[in-house]
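Read through the structure below, which is laid out as structure tokens, and then see the notes.
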Amino acid sequence: MSVDPKNASTIGQEKMLASPEQQASINEVRRLIGPQSGKASIFCSDACISRYLRARNWNVKKATKMLKLTLKWREEYKPEEIRWEDIAHEAETGKIYRSNYIDKHGRTVLVMRPGRQNSKSTKGQIKYLVYCMENAIFNLPPEQEQMVWLIDFQGFNMSHISIKVTRETANVLQEHYPERLGLAILYNAPKFFEPFFTMVKPLLEPKTYNKVKFAYSDDQNTKKIMEDLFDFDQLESAFGGNDDTGFDINKYADRMKEDDKKIPAFWTRENNPSSVPTDIPPLDSTRLDSNTDDGSDNEKLDSSTDLVVDTGIINPNQKSLVNEGERNGSAD
């Protein structure tokens with residue numbers, strides 16, 4: 001039975017109204033993709049369509065093409081049907097997991113530790129990433145739609161670098177989860193990672209690249225920004241916080257299994273009395289999501305100005321970042 005998209009649950013969406021022009025674009029995309037039913041109808045909420053429009057700078061034709069490809073991918077890949085038992089072996093080392101806290105803007109946090117890679121299977125690694133993305137989105141609070149990635153490079157070496165996995169990761173994130181990443185913090189990345197990151201830059205859209213920030217434990221500006229973003233009593237000690245509990249695979253497995261039990265109900269319900277308006281930020285509040293390159297390559301976190309909760313990321317109009325070269329006291 002078909003689901004009314006306006007009554008579909010918008011888990012992970014902000015309660016913001018679209019302007020008349022934006023709503024017209026949303027309606028046009030909906031017309032172009034045609035009637036949807038079942039899971040596809042639930043997925044294609046106005047809030048979802050708005051993310052695809054923002055990812056394509058409100059170009060209806062491009063957003064429609066992108067959304068159609070995602071609908072085809074979801075029908076074939078079935079990300080919402082992946083369960084803990086399918087990916088448990090990938091999760092054993094804690095290389096990716098959803099933290100049990102959110103940041104101060106309400107965003108779920110995925111912790112990534114590439115130095116704990118335990119698999120050679122690109123297919124298996126991507127499947128686990130997709131599972132983590134779906135779980136992080138499912139656990140977003142009602143007024144937030146983005147997540148934060150905290151990437152810890154402890155134990156990372158050249159053997160962990162894979163162009164193939166990086167390419168697949170970028171493709172899945174950018175093509176099928178647009179506007180879901182709010183900020184990715186690369187914490188204590190080794191020097192040899194910088195040339196690799198420069199090499200993979202062409203794989204990243206400017207919007208994605210501008211959300212990737214380098215942070216260093218020996219930098220006072222980094223500490224200030226981390227304090228602004230996170231509750232230090234909850235933040236892991238690996239990122240400068242006070243929590244040294246560590247990753248427990250058994251406890252994490254229990255959390256994920258409990259979440260798995262809730263997933264089917266979401267994808268089968270036809271009405272949600274708590275549905276909310278769509279999450280369309282004003283056009284002038286999405287500057288970081290434009291295709292304009294601010295020229296700040298290999299940026300690091302800096303506390304020279306305040307953070308703002310606009311679209312849930314560091315305001316690009318505040319000079320809150322400095323070049324990596326400045327940190328090293330040199331100009332490239």
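It should be emphasised that the depicted structure is a prediction, and the values quoted were computed from it without experimental measurement.
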Might you point out which heavy atoms bring [X] and [Y] nearest each other, and give the distance in Å?
X    : Y    : result
G240 : L235 : C-CD2, 4.5 Å
Y187 : M226 : CE1-CE, 4.3 Å
S25  : W58  : CB-CE3, 4.0 Å
L71  : A40  : CD2-CB, 4.2 Å
R113 : A238 : NH2-CB, 3.5 Å
R51  : P178 : CD-O, 3.5 Å

Got [X] and [Y] here, is their nearest side-chain heavy-atom distance under 4.5 Å?
X    : Y    : answer
L183 : K213 : yes
W73  : P79  : yes
D233 : D243 : no
V130 : I126 : yes
L110 : S99  : no
F156 : N188 : no
L181 : Q146 : no
E80  : R74  : yes

Working to the nearest 0.5 Å, report the span between [atom1] of [X] and [atom2] of [Y].
X    : Y    : atom1 : atom2 : answer
E134 : L129 : CD    : CG    : 10.5 Å
I225 : D219 : CD1   : CG    : 10.0 Å
I49  : I33  : CD1   : CD1   : 5.0 Å
H105 : L229 : NE2   : CG    : 5.5 Å
E28  : L53  : CD    : CG    : 10.5 Å
S45  : I26  : OG    : CD1   : 9.0 Å

Decide salt bridge (charged side-chain N to carboxylate O under 4.0 Å, His left out) for E175 and R56; before the verdict, give the C-alpha distance in whole Å, the side-chain angles of both, and the deciding distance to 0.1 Å.
-> CA-CA 11 Å; E175 298 302 320; R56 292 297 177 258; 3.7 Å; yes
With no hydrogens and no angle check, just 3.5 Å: does a side-chain donor-acceptor pair link [X] and [Y]?
X    : Y    : result
Q22  : S19  : yes
N139 : T108 : no
Q125 : Q117 : yes
Y131 : D260 : yes

Parallel, tilted or perpendicular: ring planes of F196 versus F193, cut at 30 and 60 degrees |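 F196 and F193: tilted rings.
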Parallel, tilted or perpendicular: which describes the rings of F197 and F214, with under 30° parallel and over 60° perpendicular?
->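 The rings of F197 and F214 stand perpendicular, inter-plane angle above 60°.
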Please identify each residue that fulfils side-chain hydrogen bond (donor to acceptor under 3.5 Å, both in side chains) with T70, with sequence neighbours left out.
->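 T70 satisfies side-chain hydrogen bond (donor to acceptor under 3.5 Å, both in side chains) with Y52, H176 only.
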Return the set of residues passing side-chain hydrogen bond (donor to acceptor under 3.5 Å, both in side chains) with K62 (not counting sequence neighbours), or none when no residue passes.
->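 Residues passing side-chain hydrogen bond (donor to acceptor under 3.5 Å, both in side chains) with K62: none at all.
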With a 4.0 Å cut-off on N to O distance, would you call [X] and [Y] a salt bridge?
X    : Y    : value
E76  : K72  : yes
D259 : R255 : no
K123 : E168 : no
K191 : E194 : yes
R54  : E145 : yes

Decide whether a cation-pi geometry holds between K201 and Y209; the criteria are a distance under 6.0 Å from NZ or CZ to the six-membered ring centre and an angle within 45° of the ring axis.
->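 The answer is yes, since K201 meets both limits relative to Y209.
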Evaluate the criterion side-chain hydrogen bond (donor to acceptor under 3.5 Å, both in side chains) for residue pair E205 and T208; output intermediate values, then yes/no.
-> CA-CA 5 Å; E205 295 177 358; T208 304; 4.8 Å; no
Donor-acceptor pair, side chain of R98 and main chain of A136, under 3.5 angstrom =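 No: the side chain of R98 does not pair with the backbone of A136.
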If Ile, Leu, Val, Met, Phe, Trp and Tyr residues are connected whenever their side-chain heavy atoms lie under 4.5 Å apart, and connections chain through other members, are [X] and [Y] in the same group?
X    : Y    : result
L173 : L204 : yes
I249 : I82  : yes
F232 : V109 : yes
V165 : I96  : no

Inter- and intrachain pairs under salt bridge (charged side-chain N to carboxylate O under 4.0 Å, His left out), touching residues 83-95, at least two apart =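 As it turns out, the salt bridge (charged side-chain N to carboxylate O under 4.0 Å, His left out) pairs with a partner in residues 83-95, which skip direct neighbours, are E90-K95.
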How would you list, by chain and number, every residue that makes a side-chain contact (heavy atoms from CB on, under 4.5 Å) with D248, sequence neighbours excluded?
->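 Partners of D248 by the side-chain contact (heavy atoms from CB on, under 4.5 Å) criterion, ordered by chain and then number, come out as N250, K251.
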Listed partners of Y128 passing ring-ring contact (aromatic ring centres under 6.0 Å, His included), at least two apart |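 With neighbours one apart ignored, the set is empty.
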Residues forming a ring-ring contact (aromatic ring centres under 6.0 Å, His included) with Y101, sequence neighbours excluded =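 If we apply the ring-ring contact (aromatic ring centres under 6.0 Å, His included) test to Y101, skipping adjacent residues, there are no hits.
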Quick one: do I42 and W267 satisfy side chain to side chain contact (heavy atoms under 4.5 Å, CB included)? Show the steps, please.
-> CA-CA 7 Å; I42 294 174; W267 288 109; 4.0 Å; yes
Answer yes if the ring centres of Y97 and F247 are under 6.0 angstrom apart, and no otherwise.
->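 Yes, close enough.
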Step by step, work out the side chain to side chain contact (heavy atoms under 4.5 Å, CB included) result for I137 and R180.
-> CA-CA 8 Å; I137 292 168; R180 285 303 194 182; 3.4 Å; yes
Trace of the side chain to side chain contact (heavy atoms under 4.5 Å, CB included) decision for L67 with T64 | CA-CA 5 Å; L67 180 53; T64 301; 5.9 Å; no
Please lay out, stage by stage, how E227 and K224 fare under the test salt bridge (charged side-chain N to carboxylate O under 4.0 Å, His left out).
-> CA-CA 5 Å; E227 288 176 340; K224 175 63 170 62; over 6 Å; no
Take M133 and M147 through the test side chain to side chain contact (heavy atoms under 4.5 Å, CB included) and record every step on the way to the result.
-> CA-CA 9 Å; M133 291 292 294; M147 66 187 73; 3.7 Å; yes
Given E81 and K39, is the salt bridge (charged side-chain N to carboxylate O under 4.0 Å, His left out) satisfied, shown in steps?
-> CA-CA 11 Å; E81 294 183 10; K39 295 177 182 178; 2.9 Å; yes
Result of checking Q23, R31, R30 against N27 for side-chain hydrogen bond (donor to acceptor under 3.5 Å, both in side chains) =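 Result for side-chain hydrogen bond (donor to acceptor under 3.5 Å, both in side chains) with N27: Q23.
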